[in-house]
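Because only heavy atoms are used, hydrogens play no part in the values below, and waters and symmetry mates are left out as well, while side chains stay in.
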Amino acid sequence: MKKLFIIAAVMLLGTLAKAQDGKSIYNKFSDEQGVSAVYISPSMFKLIGKLPELEIGDNGEKVDITPIVKTLKGFYMINTSDSKIMDRMNSDVKRLLNSSDYELMMEAKDDGETVRFYTDGDDSIIRSFVMMALNASGATFISMDGLINREMLEKAVGAAMR
């Protein structure tokens, strides 16, 4: 009985440790006044993934993102210009990033705006991708979950940034 209790406690702690994720941040802020929110379900990704080619990038180097789209399990986006919500959201995102194995993939700063891309995964597969953009007038949070091929995502991000 004691072993069963310990196993149950460990499982509960594991669940609580992962409780803060992109979906929970989305659920917390998406219904607030002054917030724009977008959610895309796994069903929609399956439908989009049936399209022949989804390409991004310029004419010199286009990248087909269909294989990436097929692997996604959820897309969550929150955008706000309300400073109080921005502060709370930024705090929750920092807590999310610090509570897991997120790694900074890229950071760009320009004229008071900071954009950061984070990934959680290993050398070949990304389980979660987070983007946070902040400036004086607004904040945008994007989270994507799935089993994304790291090399494909890096190519897509590179093509989108050109």
Side-chain angles (χ1 to χ4, degrees), residues 17-30 32 34-42 44-46 48-49 51 53-162:
K18 284 298 256 183
Q20 184 77 348
D21 60 7
K23 182 178 181 179
S24 65
I25 291 173
Y26 176 86
N27 288 338
K28 180 176 182 177
F29 293 101
S30 63
E32 291 199 27
V35 170
S36 299
V38 175
Y39 165 67
I40 302 175
S41 73
M44 184 62 153
F45 284 120
K46 286 179 188 173
I48 294 170
L51 297 174
E53 285 186 3
L54 295 171
E55 292 182 336
I56 61 171
D58 62 16
N59 291 334
E61 184 181 340
K62 289 190 177 190
V63 176
D64 180 16
I65 62 169
T66 305
I68 295 171
V69 170
K70 288 180 180 180
T71 67
L72 296 177
K73 306 257 186 273
F75 174 92
Y76 309 91
M77 185 181 85
I78 303 279
N79 185 21
T80 187
S81 57
D82 182 303
S83 61
K84 290 179 184 176
I85 296 173
M86 284 171 51
D87 291 342
R88 290 184 12 241
M89 186 170 68
N90 191 33
S91 176
D92 282 3
V93 171
K94 284 181 181 177
R95 197 169 19 262
L96 163 68
L97 296 170
N98 291 331
S99 71
S100 294
D101 294 326
Y102 281 93
E103 150 185 44
L104 180 63
M105 183 178 181
M106 186 181 110
E107 176 181 79
K109 294 181 179 185
D110 183 33
D111 200 25
E113 180 174 25
T114 302
V115 180
R116 293 185 178 106
F117 296 106
Y118 298 88
T119 58
D120 179 11
D122 56 36
D123 289 341
S124 58
I125 298 295
I126 295 171
R127 290 177 293 282
S128 184
F129 172 85
V130 169
M131 186 215 73
M132 187 70 184
L134 289 168
N135 62 36
S137 62
T140 301
F141 165 76
I142 294 175
S143 176
M144 293 186 295
D145 297 320
L147 295 174
I148 307 161
N149 178 290
R150 180 177 289 276
E151 187 177 335
M152 283 186 197
L153 181 63
E154 289 171 353
K155 283 182 183 177
V157 169
M161 298 305 287
R162 288 188 197 116

I'd like to check Phe29 versus Ile85 (side-chain heavy atoms, cut-off strictly below 4.5 Å). Are they in contact?
yes
Among all residues two or more places apart in sequence or in another chain, which pass the ring-ring contact (aromatic ring centres under 6.0 Å, His included) test with Tyr118?
none
Verify, without hydrogens or angle tests, whether Ser99 (side chain) and Leu96 (backbone) share a donor-acceptor contact under 3.5 angstrom.
yes
So, the side chain of Asp122 versus the backbone of Ile125: is there a donor-acceptor pair under 3.5 Å, distance only?
yes
Assess whether atom CG of Asp101 is packed by more than 12 heavy atoms of other residues, nucleotides or ligands within 6.0 Å.
no
Taking only distance into account, with no hydrogens and no angle test, what donor-acceptor pairs under 3.5 Å do side-chain atoms of residues 127-149 form with protein atoms, sequence neighbours excluded?
| residue | atom | partner | partner atom | Å |
| --- | --- | --- | --- | --- |
| Ser128 | OG | Tyr102 | OH | 2.6 |
| Ser128 | OG | Asp145 | OD1 | 3.1 |
| Asn135 | OD1 | Ser137 | N | 2.8 |
| Asn135 | OD1 | Ser137 | OG | 3.0 |
| Asn135 | OD1 | Gly138 | N | 2.8 |
| Thr140 | OG1 | Asn79 | OD1 | 3.1 |
| Asn149 | OD1 | Glu151 | N | 3.0 |
| Asn149 | OD1 | Met152 | N | 2.9 |

Do the side-chain N and O atoms of Ser24 and Asp21 include a donor-acceptor pair separated by under 3.5 angstrom?
yes
Looking only at heavy atoms, which two atoms of Tyr26 and Val38 are closest? And how far apart?
CE1-O, 3.4 Å
Tell me the closest heavy-atom pair linking Val69 and Phe45, and the distance in Å.
O-CB, 3.5 Å
What's the spacing between [X] [atom1] and [Y] [atom2] if we round to 0.5 Å?
X      : Y      : atom1 : atom2 : result
Lys73  : Lys23  : NZ    : NZ    : 13.5 Å
Met106 : Phe117 : CE    : CZ    : 4.5 Å
Ile78  : Met89  : CD1   : CE    : 7.0 Å

Between Glu32 and Arg88, does at least one N-O distance fall below 4.0 Å, as a salt bridge requires?
yes
Using a strict threshold of under 4.0 Å (side-chain N to carboxylate O), is an ion pair present between Arg95 and Asp92?
yes
